[in-house]
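Data block below; observations after.
In what follows, chains carry the letters A, B, and so on, assigned in the order in which the sequence lines appear, proteins first and then strands, with residues in each chain numbered from 1. Basis for what follows: all heavy atoms, side chains included, without hydrogens, waters or symmetry-related copies.
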Protein chains: 2
Amino acid sequence: MAKIDEVAKAAGVSISTVSYALSGKRPVAKDTRERIEKAVRELGYSPNAGARMLAGDRTHIFALTEPLRTDTHAPTHMAFVLATAVAARRQGYDILLLTDEEARAGMSRVASSGLVDAILVLDVAPDDPRVPLARAIATPSVFIGVPDDNDGLVCVDLDFETAAAMAVDALADAGHERIALVGQTDIAYRSSNFPPRVRVAAERRAAERSLSLMFRSSGAVMVDPAATRRGVRELVDAGVTGLILHCAQEAHAAALDELAERGLSVPTDISVVAVGSSFDTAALPTAVDTIPLIPQASCDLAVELAMRSLGADRPEPGLHLIPPTYVGHGSLRRPAGPASS
Amino acid sequence: MAKIDEVAKAAGVSISTVSYALSGKRPVAKDTRERIEKAVRELGYSPNAGARMLAGDRTHIFALTEPLRTDTHAPTHMAFVLATAVAARRQGYDILLLTDEEARAGMSRVASSGLVDAILVLDVAPDDPRVPLARAIATPSVFIGVPDDNDGLVCVDLDFETAAAMAVDALADAGHERIALVGQTDIAYRSSNFPPRVRVAAERRAAERSLSLMFRSSGAVMVDPAATRRGVRELVDAGVTGLILHCAQEAHAAALDELAERGLSVPTDISVVAVGSSFDTAALPTAVDTIPLIPQASCDLAVELAMRSLGADRPEPGLHLIPPTYVGHGSLRRPAGPASS
DNA sequence: TTGAAAGCGGTACCAC
DNA sequence: GTGGTACCGCTTTCAA
């Protein structure tokens, strides 16, 4: 726990020079800076966090609120937390965890105590209680996800609507007429924001392209592989030849296993596109085209916007949607020939 | 962001009285205190975190290091993070996340910057790089889990060894002679601390009771339901009549499903005991006796020890093991009659 | 039972 | 290019 005056003495300079050398907010002669850096290294100096918070205008801490519901899909959630932490550290920021019970009181607390510079909101519900809270406090916040009422909020997310439309288009262009969406768990369509966005967008596009779009979920509250397989079976029996998967990894695996067991091969017998998958799709039993949800991309952008909201060029309130990318892996049937074009 | 002097003015007292009224470190007249509390409420006052850290001797923040490996079982991990956060908040503490890439540098950083009062170490590996680090820094740390080399460290955990022995005893007492352990994933026996502890302790006790103990894992890197079922099938075929489950929820479900499909009923045909399960075993397809691992119990104790290591009655370095409890659900065959007693 | 004031360890302004 | 120093907002000693 060396202090700045010890560093100053060791380097034979004043306290302020040490401060400026470290912050870079004022030019410091090369050799002076090197002497200081050497002293810092030898003393294992790291500026006192409390003093820095008090004297400076930054705490170098972001809060991350996450309402860990029991139906939260843990692996996906963890990927976002990790990506956020990594992105924050790259900017010299630490992450303070605000969990459920404390999520609401916690947000007010860290805001009014000046513990954090900004709040990142994870696992956003369509009707999220943190929305009014975010509006009420002075600390800037960035939502990773899009609540229904997002007026004046800074929200980051994959453009799920476009992603869903792209998936439908891909299947339509390949000549499919009866397609289906294998979605998230039933409860996710109420407690989370993006599942309904995908479903609604897919339905709209299917209607525009005059396709029949069926739907099956992948469980009630938790992912249910057996239920997912049953759903896929029903879809296939109903003559579906194109599948959009928007579910957890386990459900993807279950769906593809079911196809394989029924002797249906991709893409010969059935086309498959995965939308918004945040896991490594290479680990799936069958290679499928994907329009991935990349946690790192969302979290990097969220952190960037959080940083910017501390300075002069505040980001525009509104949706900051990340354009989806279609990654082909040959799971689409060849487009229909001239006859149907 | 009201400040303490505003509260003082509003309550018509001095700054120090406000401070003492809030900290309780000095008696304050009842009506004075009430005036202060009223002012605090009306102004939405919350003491400035930086100032408090700087002036006081506590930061009111604990670091939580977690090396989110790709093979980490996310749901279990999340349960521990959540339990830790809740326990910490009950003591007025917040949790700062230190993830992987930064786990090592991060520990040094938060220690030398005085950002946190103590460090909680999660997801402990047998040969954990954070062990030497914890010894090197001044900030006290508490390990939730037991590394091989734990000399001088404060470690909290369920007494897995005793739990494993209890499970073996339960099966032995019920008259079983060929029993088996369905364990974690293969990789967990290298990257995590408790799976080998359970396995070794079970083997030792089985030997002492002259039982044959077979072993099957529940996957390579990730939980693999199919592999688990295959393993259970092999065990049953080998004449095993008593099963100890020490694996993730999905693997429990797979194992029990396999038994059910083979027409084996619990406990008539086979006895089952779950050891160290940290999820809700009531959600399993079959009721089983359990010797649960309760995240809240471990995390509460860890936080308590962390608090104590800041004050006068520092906890003894060493293992602080939580005694296991056997919770019966009728999944054990009735003890053998007099003939074999 | 209460108040005044000296720090805590940085940051950043003002001088030189 | 460098140094002196007045804060930042709280905690806690000392005094009354």
Side-chain angles (χ1 to χ4, degrees), chain A residues 1-37 39-40 43-61 92 109-117 310-311, chain B residues 1-37 39-40 43-61 92 109-117 310-311:
Chain A
M1 298 267 272
K3 304 189 304 181
I4 196 172
D5 55 350
E6 302 177 37
V7 176
K9 201 180 310 162
V13 296
S14 73
I15 287 180
S16 52
T17 300
V18 174
S19 179
Y20 284 120
L22 294 179
S23 70
K25 292 190 181 174
R26 184 166 94 172
V28 170
K30 186 149 182 272
D31 64 326
T32 311
R33 195 181 49 242
E34 283 168 355
R35 281 208 317 286
I36 292 174
E37 283 163 357
V40 165
L43 292 166
Y45 170 76
S46 190
N48 179 281
R52 208 156 65 128
M53 289 169 65
L54 185 56
D57 55 348
R58 301 282 158 94
T59 68
H60 300 275
I61 300 178
R109 188 169 45 79
V110 297
S112 63
S113 69
L115 217 198
V116 306
D117 291 335
L310 307 180
Chain B
M1 297 268 271
K3 304 189 304 181
I4 198 171
D5 57 347
E6 301 176 37
V7 176
K9 200 179 310 162
V13 295
S14 74
I15 286 178
S16 52
T17 301
V18 173
S19 179
Y20 284 118
L22 294 179
S23 71
K25 292 189 180 174
R26 183 165 96 172
V28 170
K30 187 148 180 272
D31 64 326
T32 310
R33 195 182 47 244
E34 284 169 353
R35 280 209 317 285
I36 291 173
E37 283 164 356
V40 165
L43 292 167
Y45 170 74
S46 191
N48 179 281
R52 205 156 66 130
M53 289 170 64
L54 184 55
D57 54 349
R58 300 283 158 92
T59 68
H60 301 276
I61 300 178
R109 187 169 47 79
V110 297
S112 63
S113 69
L115 217 198
V116 306
D117 291 335
L310 306 180

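Protein atom CG of B:Asn48 is 14 Å distant from nucleotide atom C1' of D:dC7, rounded to whole Å. The nearest whole Å value for the distance from the NZ atom in A:Lys3 to the C1' atom in C:dG7 is 10 Å. A straight line from CG of A:Asp5 to C1' of C:dT11 spans 14 Å, rounded to a whole angstrom. Atom P of nucleotide D:dG9 and atom NZ of B:Lys9 are separated by 13 Å, given to the nearest angstrom. Nucleotide D:dT2 holds its C1' atom 12 Å from the CG atom of A:Asp31, rounded to whole Å. Between the OH atom of A:Tyr20 and the C1' atom of C:dG10 there is a distance of 12 Å, given to the nearest Å. Rounded to whole Å, the distance from CE on B:Met1 to P on D:dC8 is 13 Å. Distance CZ (A:Arg52) to C1' (D:dC10): 19 Å, rounded to an integer number of Å.
Atom CG of A:Asp31 and atom CD1 of A:Ile36 lie 9.5 Å apart (nearest 0.5 Å).
A:Thr17 has no side-chain polar atom (N or O) that falls below the 4.0 Å cut-off from OP1 or OP2 of D:dT2.
Side-chain proximity of B:Ser16 to the nucleotides D:dC10, C:dA5, C:dG10 is greatest for C:dA5. Set against C:dG9, D:dG3, C:dT11, the side chain of A:Leu54 has C:dG9 as its closest nucleotide. Distances from the side chain of A:Ala55 to the nucleotides D:dC10, C:dG9, D:dT2 place C:dG9 closest. Among the nucleotides D:dG3, C:dG10, C:dG3, the one closest to the side chain of A:Tyr45 is C:dG10. The side chain of B:Ile4 lies closest to D:dT11 when the candidates are C:dG10, C:dG3, D:dT11. The side chain of B:Thr32 approaches C:dT2 more closely than any other nucleotide in the set C:dT2, C:dA5, D:dG3. Which of C:dA4, D:dC10, D:dT12 sits closest to the side chain of B:Ser19 comes down to D:dT12. Checking D:dT11, C:dG3, D:dG9 against every side-chain atom of B:Ile15, the shortest atom distance belongs to D:dT11.
Side-chain atoms of B:Val18 and B:Val13, non-hydrogen and from C-beta on, do get closer than 4.5 Å to each other. Within the 4.5 Å cutoff, no side-chain heavy atoms of B:Met53 are placed close to those of A:Asn48.
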Chi angles and distances behind the side chain to side chain contact (heavy atoms under 4.5 Å, CB included) call for B:Leu22, B:Ile4: CA-CA 11 Å; B:Leu22 294 179; B:Ile4 198 171; 5.6 Å; no

query: How far apart are the C-alpha atoms of A:Lys30 and A:Arg33, what are their side-chain angles, what is the distance that settles it, and do they pass the side chain to side chain contact (heavy atoms under 4.5 Å, CB included) test?
result: CA-CA 5 Å; A:Lys30 186 149 182 272; A:Arg33 195 181 49 242; 3.9 Å; yes

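A donor atom on one side chain and an acceptor atom on the other are found under 3.5 Å apart for A:Thr17 and A:Ser14.
Of all the residues in residues 23-30 of chain A, A:Arg26, A:Pro27, A:Val28, A:Ala29 reach under 4.0 Å from DNA chain D with at least one non-hydrogen atom.
B:Asp117 and B:Asp57 get closest at one heavy-atom pair: OD1-O, 4.4 Å. For B:Leu43 against B:Ala10, the heavy-atom pair with the smallest separation is CD1-CB, 4.3 Å. In plain terms, the two heavy atoms of A:Pro47 and B:Ser113 that are nearest each other are O-CB, 3.3 Å. In terms of heavy-atom proximity, B:Ser16 sits nearest to B:Arg26 at OG-NH2, 4.5 Å.
At its two ends the helix from C:dT1-D:dA16 to C:dC16-D:dG1 runs along axes set 30° apart, each axis drawn from five pairs and the angle rounded to 10°.
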